[in-house]
Asker: 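Before I ask anything, here is the structure I am working with.
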Amino acid sequence: MRIAHLRRRPLVAAAVGVVAASMVLLVVGVLCIIIFSASLLRTLIEVKGSQILERAISVDGEIRVNWRWAYTHIYVENIRLQNAANFSEPDMARIELIDLHFKPFRLLRGHIDISEINIVAPEIYLERKSVDLVNWNFPALAPADTDGAVVARSRYEFPVIDQLKISRGHIVFNDNLKGLNLDLQLDSVTGHEQVAASSHQGFEKGYTLNGSGKMRDKHFTITATGGSLSQLRDASVSFPLQLKLEMGETKVLVDGRFQNPLQLDGVDALLEIEGTNLADIFYLTAIPLPPTPHYTLKGQLTKSGNVWSYHKFKGQVGSSDLAGNLSYDVGGERGYLTADLTSTVLNAADLGGFIGLDPEGEAVKSTRLIPDVPLARERLLATDLDIQLKAEQVTGPNLPFKGMEVRFDLRDGILKLNPFNLVLADGTVDGIIEIDANPAVPPMTMDLNMRQLNLVQFFKGTRFESTTDGMFGGKIALAGEGASLAEVLATSNGDLTLIMSGGEISQLLIEASDLDIGQAFPLFFGKDKATRINCGVLDFDVKKGMLTSEVVVLDTNDSLLVGDVSINLKDEKINAWLDAKPKDNSLLSLRVPITISGQLKDPRIGLHPEKTAVRGVAAIALGALLTPYAAILAFIEKGNVPNTDCRALISAANKQ
C-alpha cells in the first residue's frame with residue numbers, strides 16, 4: 001500500500017510544494033509581461049522569490065521573454081532552489097530548463113492558463129530526518145484553511161495546463177524515520193489523447209508517467225496513467241488513475257479513482273498483487289510478512305485520512321487459499337496494520353516462513369533439523385500489527401493437523417502469538433509464544449499446552465492404526481534467546497512433559513523394542529495385537545539447551561518400557577536407550593536395550609553393546625558345558641515385572 005502512498009503525504013506534499021514554488025516563478029513572470037525585461041525578471045525571481053519561499057532561488061543561465069497578445073513565451077535556464085538548513089544536499093531542486101507558453105489575459109482573471117510547458121532535467125531532493133524536521137516545508141505557502149477547504153482548493157488551484165512534457169526527471173527521497181530510500185528516474189511525462197487497457201472511463205487526453213529507480217536498494221519500474229490535467233483541477237469529480245509497479249518478481253496494479261489525487265485521499269480502486277514471496281512486500285510497505293511461496297491477491301483498495309484499507313480480497317499463497325480484510329494506518333511514527341484473515345484449506349508448508357523454513361518446507365541453506373534462519377529484527381521494529389488468522393483445515397505431510405486460529409500481535413518490536421490454538425490429532429495445542437526484537441539478541445518464550453491428542457492419529461495409514469487408541473497431553477515451557485529458532489532452543493531453559501493414562505498400543509512395537517523374538521516373531525507375520533496402556537510419562541528437564549529425561553516410562557499390560565534420553569539442542573545430538581521389561585515369562589527375549597545416537601536429522605539405531613556382549617558370552621558358555629539345546633536358556637526371561645505406580649508418576653509430572 002505504500003506504493004500509492006510513496007511515502008504517503010511527505011512525497012506528495014513535497015511535490016506540491018515544489019509545484020507551488022514553481023508557481024511563484026510564474027506569478028513573478030506576470031510583472032515581466034508588463035515590464036518586458038528579462039533582466040528585471042531575473043531580479044524578481046531571485047530576490048522576490050527568495051523572500052517568499054525563505055530560501056535562496058538563483059537563475060544561473062539565460063532568461064528570455066517573448067511577449068505576444070495571444071500567448072507569452074518564457075524561457076529560463078538553470079534554476080536552483082536552496083535546501084533547508086542542516087540537510088546534506090546544497091540544493092533542494094535544480095531544473096535545467098523551463099520552457100512555457102501561457103495566456104497573459106487569463107492572468108487578469110486570476111487564472112494561470114498554460115498552453116504548453118516543457119521541463120527538462122528537474123532534480124528534486126527530499127529528506128525527512130524526524131517527524132518535524134523535513135526539507136519541503138515552506139511556511140509562506142502553508143494553507144490555513146480547514147482540511148476540507150484545503151482539499152478543494154489544492155485541486156482547483158492546480159494550474160490549467162494543455163500540454164505538459166517532463167524529460168530526464170530525477171527524484172531522490174530519503175526518509176530516515178521510516179527507513180525508506182527512493183531514487184526515481186522519470187523517463188518522461190507526456191500528454192496523450194487516449195489511454196487503453198483501463199477499466200475506468202475518463203482517461204481521454206490524460207497523462208502517462210514512466211519511471212524506474214531503486215527503493216530500499218531494490219530496482220523497480222513504474223507506470224502511472226491518469227486523467228487530463230483539467231480533470232485534476234475539478235474537485236467535484238474523482239480523478240481516474242492507474243498505477244503499475246514491478247519490483248523484481250513483485251507486480252502491483254492499482255486501477256481506480258482518487259477523490260483528491262494531490263493528497264492521495266478518497267481512494268477507491270482495484271488492487272492486484274502478485275509475486276514469488278510475500279516477504280518482499282516489506283520493501284513497499286514496511287509490513288513484516290514471512291517468506292511464502294508464489295502468491296496472488298485481488299481486492300478493493302480504499303483510503304480515508306491516514307488509513308488505507310484492502311477490502312474483501314481473495315487469493316492464493318502457495319497451495320493455500322486466503323481471504324479477508326485489512327487496514328493500514330500510516331498516521332503515526334510507526335505504521336499499524338490490522339487484518340482478519342481466513343483460509344478454507346491452509347497448507348502447513350506455506351507457513352514455514354514463520355519458523356525459518358523456505359516455501360518448500362525445508363530448512364533454508366542448512367543441514368540442521370532445527371531452522372537456523374536469522375530473525376529479521378529490523379522488520380519487526382518497522383511497524384506494528386494485529387493480525388488474526390483462522391484456517392478451517394490445515395494440511396501437513398507428517399502431522400495430523402486439523403485447523404488453527406492464531407493472533408499475531410506486534411507492538412513496539414514485541415511479537416506475541418496469543419492466542420495460539422492449533423487443532424492437532426483431534427485435540428489442541430494452545431498457549432502463547434513471545435519474541436522481543438528490541439534487544440540485539442532477541443529473547444523468546446513459549447508456553448504451550450497439548451490437550452487430549454489422539455494417539456491413533458499419529459499412526460494413520462500404518463499397520464499399527466487398528467491396534468492404537470487413547471488420548472495424551474502435555475506441556476512445553478521454554479525460554480531462550482537468539483536470532484533464530486535454533487539459537488533460541490540452544491540456549492533455552494524449561495521443561496517438556498507428555499502424559500498418557502489409558503489406551504492401547506501395538507504389542508509388536510513394545511516387544512520389538514526389547515527384541516523379544518519369541519513374542520514379536522509371530523506378530524510380524526500374523527495379526528498384530530493391542531496391549532493395554534496403564535500409563536505413560538515422558539518428563540524432560542531443559543537447561544542451557546540440554547534436554548535430559550527425568551522420567552521415560554510406558555507401562556502396558558505386557559511390558560514396562562523405560563528409557564533414558566538426552567538431547568543437545570545446540571549440537572543437535574541425541575544419546576538415548578529404550579528397554580522393555582516383559583511382565584510374563586518370555587521365550588527368546590534377547591533383553592538388549594535399543595540405543596539411539598548421532599544427529600537428530602540422521603540418528604543411528606542400534607543395540608546396547610555391553611548387554612549384547614554379556615548375553616553372547618553366556619550363550620557360548622552354556623553351549624560348551626551343556627547340550628546344544630541348553631544354549632537357549634540364556635534367552636529365557638523370567639518376567640514378573642511389577643506394574644508402575646502410574647498415579648505417582650502422573651501426579652509428579654503434573655506438579656512439575
Side-chain angles (χ1 to χ4, degrees), residues 2 5-29 41-61 76-98 119-145 147 150 153-154 157-159 166 168-186 211 213-216 262-264 286 306 330-335:
R2 193 181 299 183
H5 159 65
L6 270 179
R7 268 286 306 179
R8 101 182 174 280
R9 294 195 180 176
L11 186 55
V12 177
V16 172
V18 172
V19 171
S22 301
M23 293 304 102
V24 171
L25 299 178
L26 296 177
V27 171
V28 173
L41 175 59
R42 181 189 300 272
T43 302
L44 291 173
I45 291 174
E46 295 182 337
V47 177
K48 191 65 177 177
S50 298
Q51 290 177 352
I52 294 174
L53 297 182
E54 300 181 7
R55 304 264 190 95
I57 301 177
S58 61
V59 179
D60 300 333
V76 183
E77 288 183 337
N78 298 326
I79 306 169
R80 292 190 297 113
L81 173 62
Q82 185 183 41
N83 208 347
N86 301 319
F87 285 86
S88 56
E89 286 289 334
D91 297 325
M92 176 182 171
R94 293 190 291 267
I95 303 176
E96 183 177 305
L97 172 65
I98 295 180
I119 303 176
V120 178
E123 294 187 38
I124 302 174
Y125 297 89
L126 307 173
E127 187 174 357
R128 173 162 65 177
K129 293 185 175 182
S130 66
V131 176
D132 301 317
L133 187 57
V134 299
N135 74 335
W136 58 78
N137 278 345
F138 299 95
L141 302 179
D145 296 29
D147 289 343
V150 170
R153 194 182 72 179
S154 62
E157 291 188 350
F158 194 87
I166 299 177
R168 293 189 285 124
H170 185 205
I171 297 177
V172 175
F173 178 50
N174 294 318
D175 188 339
N176 297 330
L177 186 64
K178 303 290 186 179
L180 175 66
N181 305 108
L182 173 66
D183 191 319
L184 177 63
Q185 303 286 340
L186 299 180
K214 292 196 301 183
M215 186 185 303
R216 300 182 188 271
L262 296 182
Q263 296 188 7
L264 293 179
N306 292 318
V330 295
E333 291 187 15
R334 297 162 59 89

Asker: Using modelled atom types and a 3.5 Å cut-off, is there a donor and acceptor pairing between side-chain atoms of Asp91 and backbone atoms of Arg80?
Answerer: no
Asker: When rounded to the nearest 0.5 angstrom, what distance separates CD in Glu123 from NE2 in His170?
Answerer: 6.5 Å
Asker: Hey, could you give me the CG/NZ distance between Leu182 and Lys214, rounded to the nearest 0.5 Å?
Answerer: 11.5 Å
Asker: Would you say Phe87 and Leu133 make side-chain contact, with heavy atoms under 4.5 Å?
Answerer: yes
Asker: Donor-acceptor check, side chain of Asn135 to backbone of Tyr125, threshold 3.5 angstrom: yes or no?
Answerer: yes
Asker: Rounded to the nearest 0.5 Å, what separates atom CD in Glu127 from atom CG in Asn176?
Answerer: 5.5 Å
Asker: Let me confirm one number: the CD1-CD distance from Ile57 to Gln82, rounded to the nearest 0.5 Å.
Answerer: 10.0 Å
Asker: Between Arg55 and Leu81, what is the shortest heavy-atom contact and its length?
Answerer: CB-CD1, 3.7 Å
Asker: If the threshold is 4.0 Å, N to carboxylate O, is there a salt bridge linking Arg128 and Asp175?
Answerer: yes
Asker: For Asn78, check side-chain contact (heavy atoms from CB on, under 4.5 Å) against everything at least two apart and list the hits.
Answerer: Asp60, Glu96
Asker: Is the closest side-chain heavy-atom distance between Met92 and Leu126 below 4.5 Å?
Answerer: yes
Asker: List the atom of Val120, the atom of Ile95, and the distance in Å for their closest heavy-atom pair.
Answerer: O-CG2, 3.9 Å
Asker: Looking only at heavy atoms, which two atoms of Val59 and Arg42 are closest? And how far apart?
Answerer: O-NH1, 2.7 Å
